[in-house]
Amino acid sequence: MPQRIALVDCNNFYVSCERVFEPKLKDTPVAVLSNNDGCFIARSNEVKALGVPMGAPAFQYKALIRKHGIRLFSPNFELYGDLSDRVFATLRPFTEGLEIYSIDEAFARLPQMSPEDSEIYGREIRQTILKATGIPVSVGIASTKTLAKVALALLKQTPEKTGVLDIDSLPDLDARLDGLPVREIWGVGHAFAGRLDRLGISTAGELKRADQGQIRKVLHVVGLRTVLELNGYPCLTLEEAHDPCQSVLCSRSFSREVKTFAELSEAVAAFTARAAEKLRKECRVAGVIRVFVETNRFREKEWYENMKSAALPRETNGTPDLIAIALSALKQIYRPGRNYKRAGVLLLELRDERFLQPDLFGSAEEMKREVELMKVLDAINNRFGRGTARFLAEGIQQSWKMKRPMKSPAYTTRISEIPVAKC
DNA sequence: TCTGGGGTCCTAGGACCC
DNA sequence: TCTGGGGTCCTAGGACCC
């Protein structure tokens with residue numbers, strides 16, 4: 001019997017998180033915007049039905065927002081991350097292996113059972129997660145990851161909202177695949193869909209039956225794997241272990257345009273500090289740091305972007321060393337007279353911090369002191385909130401900082417913000 | 001006026017080496 | 001006049017995902 005893979009996907013996840021703590025928002029139009037309240041990054045079904053696409057800029061929909069009373073939120077990733085942890089902790093006991101794929105979805109290996117039984121099992125998972133966390137999920141079940149994704153796509157087409165589908169329970173699967181646009185397939189993006197269209201392939205069914213040699217030529221091995229998976233041959237394994245990360249990125253758009261080197265360097269220092277913090281949390285050290293800046297690509301006639309990578313004299317995850325290198329890299333790409341809208345810091349060539357060793361001219365003592373200092377810094381910021389203790393280079397006012405005026409409280413992670421029950 | 005952020009993997013092409 | 005072949009490493013860019 002082939003393996004059973006379930007894809008558990010949280011419905012409209014960020015919106016669902018907000019609704020957990022404001023139940024009256026159920027069945028009303030709700031959306032979550034990106035930082036600076038720029039774009040739609042999550043939409044309730046009601047907002048989707050109004051025709052607001054994913055990633056749409058909010059300012060273009062002002063009239064619609066007002067007309068339908070769409071309730072907007074600034075993003076609250078602290079809340080979403082915590083609820084995500086709870087959802088997957090609830091899911092885990094139902095599975096024989098779990099791959100947490102993103103903040104709102106996970107692949108799970110299910111015990112062997114028939115499609116009928118697996119749907120019953122899926123509904124039990126759904127009920128349990130809903131009861132434990134308040135988050136509604138959908139479950140797609142199949143013999144490969146790609147087909148489990150297809151099951152979810154087919155689920156969305158069906159009017160009856162059971163929320164669970166085992167693809168092998170469908171008597172008319174081939175007909176359903178012929179009705180599914182190829183762009184809906186996991187692994188087929190904008191560019192691949194265009195190339196497939198030129199081959200006369202526009203549906204999932206056609207892709208499944210496509211000539212594999214031709215696919216390999218046009219979409220390379222990545223596309224070939226997708227075709228094999230559609231045919232029930234697993235090519236993508238369940239990645240149960242959390243792979244150590246290969247890179248750490250911190251980038252932000254500014255709330256306004258930034259002109260001076262002083263302000264830009266504050267921002268880059270702050271992003272570096274944040275990236276270093278993430279690095280330490282993952283117990284990694286970086287060998288290379290890359291800094292990039294960008295003007296507003298929607299407005300500037302002469303759009304400017306540039307980046308500079310710099311090797312670190314020794315691998316580290318200490319904020320002061322990283323800031324020093326980042327700022328000297330920034331100096332090389334900063335051009336006066338530009339209006340910068342975005343900047344970022346990328347840490348690369350990461351390694352496990354256990355392999356850290358002092359460089360030829362540094363002392364082990366010094367290194368130890370730095371590690372201790374970072375531990376204290378992280379402990380303070382964990383306890384009292386991010387940025388409580390920071391480096392002067394990051395600035396004090398930080399007036400360029402992104403804005404989140406409509407953010408909900410950190411209901412589940414800050415003692416001062418937990419909901420209060422009133423009788 | 002106002003357009004997100006964080007990742008991974010793969011390929012192509014150039015530099016360089018023997 | 002005649003000017004190889006194979007390998008690795010690096011980087012940039014493309015493609016995908018949520």
Side-chain angles (χ1 to χ4, degrees), chain A residues 7-14 31-43 52-63 65 72-77 80-81 84 99-107 145-146 149 152 182-196 216-226 235-236 239 242-257 271 274-275 278-279 282 287-288 290 292 294-300 303 305-309 311 339 341-350 402-405:
Chain A
L7 174 57
V8 178
D9 179 278
C10 301
N11 301 343
N12 313 329
F13 182 52
Y14 299 165
V32 176
L33 303 177
S34 61
N35 287 330
N36 297 316
D37 295 332
C39 301
F40 286 85
I41 57 170
R43 305 150 297 150
V52 178
M54 183 66 171
F59 73 90
Q60 287 175 358
Y61 289 85
K62 268 195 172 159
I65 291 165
L72 300 177
F73 286 90
S74 304
N76 184 348
F77 294 110
Y80 312 151
S84 171
E99 173 188 350
I100 296 171
Y101 179 70
S102 74
I103 194 167
D104 70 339
E105 61 189 282
F107 291 100
K145 284 178 164 184
T146 304
K149 280 270 192 184
L152 274 190
V182 75
R183 181 65 179 80
E184 300 273 306
I185 301 295
W186 190 44
V188 178
H190 176 73
F192 279 13
R195 289 183 215 171
L196 288 171
R216 164 133 212 186
K217 232 179 270 167
V218 179
L219 305 186
H220 316 290
V221 285
V222 183
L224 181 58
R225 279 202 281 260
T226 299
C235 300
L236 307 169
E239 314 270 340
H242 164 68
D243 276 351
C245 53
Q246 306 296 307
S247 64
V248 168
L249 174 72
C250 178
S251 75
R252 297 278 183 275
S253 296
F254 303 131
S255 53
R256 58 173 173 79
E257 285 168 344
F271 302 163
R274 177 78 189 105
K278 285 194 223 173
L279 199 58
E282 298 278 324
V288 169
R290 175 178 296 168
F292 58 90
E294 197 184 316
T295 61
N296 192 333
R297 62 172 73 218
F298 297 99
R299 291 199 41 208
E300 295 274 304
W303 173 54
E305 77 167 343
N306 208 345
M307 57 123 152
K308 175 75 193 167
S309 304
N339 299 306
K341 185 59 182 170
R342 202 170 86 97
V345 171
L346 183 61
L347 301 176
L348 297 158
E349 312 258 313
L350 308 190
M402 67 186 184
K403 294 187 166 62
R404 291 194 288 215

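Heavy atoms only: backbone and side chains are in, while hydrogens, waters and symmetry mates are out. Just so it is clear: chains get the letters A, B, ... in the order the sequence lines come, proteins before strands, and each one is counted from 1.
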When we call it a touch if two heavy atoms are under 4.0 Å apart, what does A/K149 touch: a base, just sugar-phosphate, or nothing?
-> sugar-phosphate
What integer number of Å spans the C1' atoms of B/dC17 and C/dG4?
-> 14 Å
According to a strict under-4.0 Å criterion, is A/S253 in side-chain N/O contact with OP1 or OP2 of B/dT3?
-> no
Between P of C/dT11 and CZ of A/R290, the distance in whole Å = 8 Å
Do any side-chain nitrogens or oxygens of A/K62 fall under 4.0 Å of OP1 or OP2 in B/dT1?
-> no
B/dG13 - base-pair partner by Watson-Crick or wobble geometry, distances under 3.5 Å = C/dC10
Which nucleotide sits closest to the side chain of A/F192: B/dT3, C/dA15, B/dT11?
-> C/dA15
Identify which nucleotide among B/dC9, C/dC18, B/dT3 has an atom closest to any side-chain atom of A/Q246, counting heavy atoms from C-beta outward.
-> B/dC9
Nearest whole angstrom, please: distance from the C1' of B/dT1 to the CZ of A/R256.
-> 15 Å
Length of the CD-C1' vector between A/E349 and C/dC9, whole Å = 12 Å
Selected nucleotide, minimal atom distance to A/N296 side chain, candidates B/dT3, B/dC10, B/dT8 = B/dT3
Counting just side-chain N and O atoms, does A/R195 come under 4.0 Å of either OP1 or OP2 of C/dA15?
-> yes
Quick one: label A/L348 by what it contacts on the DNA or RNA (base, sugar-phosphate, nothing), any heavy atom closer than 4.0 Å.
-> nothing
Which part of the nucleic acid, if any, lies within reach of A/K403 when heavy atoms closer than 4.0 Å are counted: base, sugar-phosphate only, or nothing?
-> nothing
Testing C/dC18, C/dA15, B/dG4 for proximity to the side chain of A/Y101, the answer is C/dC18
Nearest whole angstrom, please: distance from the P of B/dG5 to the CZ of A/F292.
-> 9 Å
Ignoring the backbone of A/V248, work out which of C/dC18, B/dG7, B/dT3 is nearest its side chain.
-> B/dG7
Just checking A/D104: base, sugar-phosphate only, or nothing, at a heavy-atom cut-off of under 4.0 Å?
-> sugar-phosphate
Taking the side chain of A/C250 as heavy atoms from C-beta outward, which of B/dT3, B/dG4, B/dG6 is closest to it?
-> B/dG6
Could you tell me the separation between the CD1 atom of A/I185 and the C1' atom of C/dC17, rounded to a whole number of Å?
-> 14 Å
On DNA chain B, nearest-nucleotide positions of A/Q60 versus A/S251: which is more 5'?
-> A/Q60
Contact class for A/R225 (heavy atom, under 4.0 Å): base, sugar-phosphate, or nothing?
-> sugar-phosphate
Is it true that A/R342 and A/E305 have a side-chain N and a carboxylate O under 4.0 angstrom from each other?
-> no
Quick note, A/N35 side chain, CB onward, closest among B/dG4, C/dC16, B/dG7 is B/dG4
Is it true that a side-chain atom of A/K403 and a backbone atom of A/N35 form a donor plus acceptor pair closer than 3.5 Å?
-> no
Whole-Å distance between C/dC18 C1' and A/E105 CD?
-> 7 Å
Most 5' of A/V222 and A/K278 on DNA chain B, judged by nearest nucleotide | A/K278
Sidechain-backbone polar pair: A/W303 side chain, A/N296 backbone, donor-acceptor under 3.5 Å = no
Roughly how many Å is it from NE2 in A/H220 to P in B/dT8, rounded to a whole number?
-> 21 Å
Side-chain touch A/F292/A/S251, heavy atoms, less than 4.5 angstrom = yes
Sugar-phosphate only, base, or nothing, as touched by A/R404 at under 4.0 Å among non-hydrogen atoms | nothing
Look up atom CG in A/L224 and atom SG in A/C235, then write down how far apart they are to the nearest 0.5 Å.
-> 7.0 Å
Rounded distance (Å) that lies between atom P of C/dA12 and atom CE of A/M307 = 5 Å
So, does A/Y80 use its side chain to make a donor-acceptor pair with the main chain of A/N76 at under 3.5 Å?
-> yes
Is a salt bridge present between A/E105 and A/K149, judged by a nitrogen-to-oxygen distance below 4.0 Å?
-> yes
Below 4.0 angstrom from OP1 or OP2 of B/dT1, is there any side-chain N or O of A/R299?
-> no
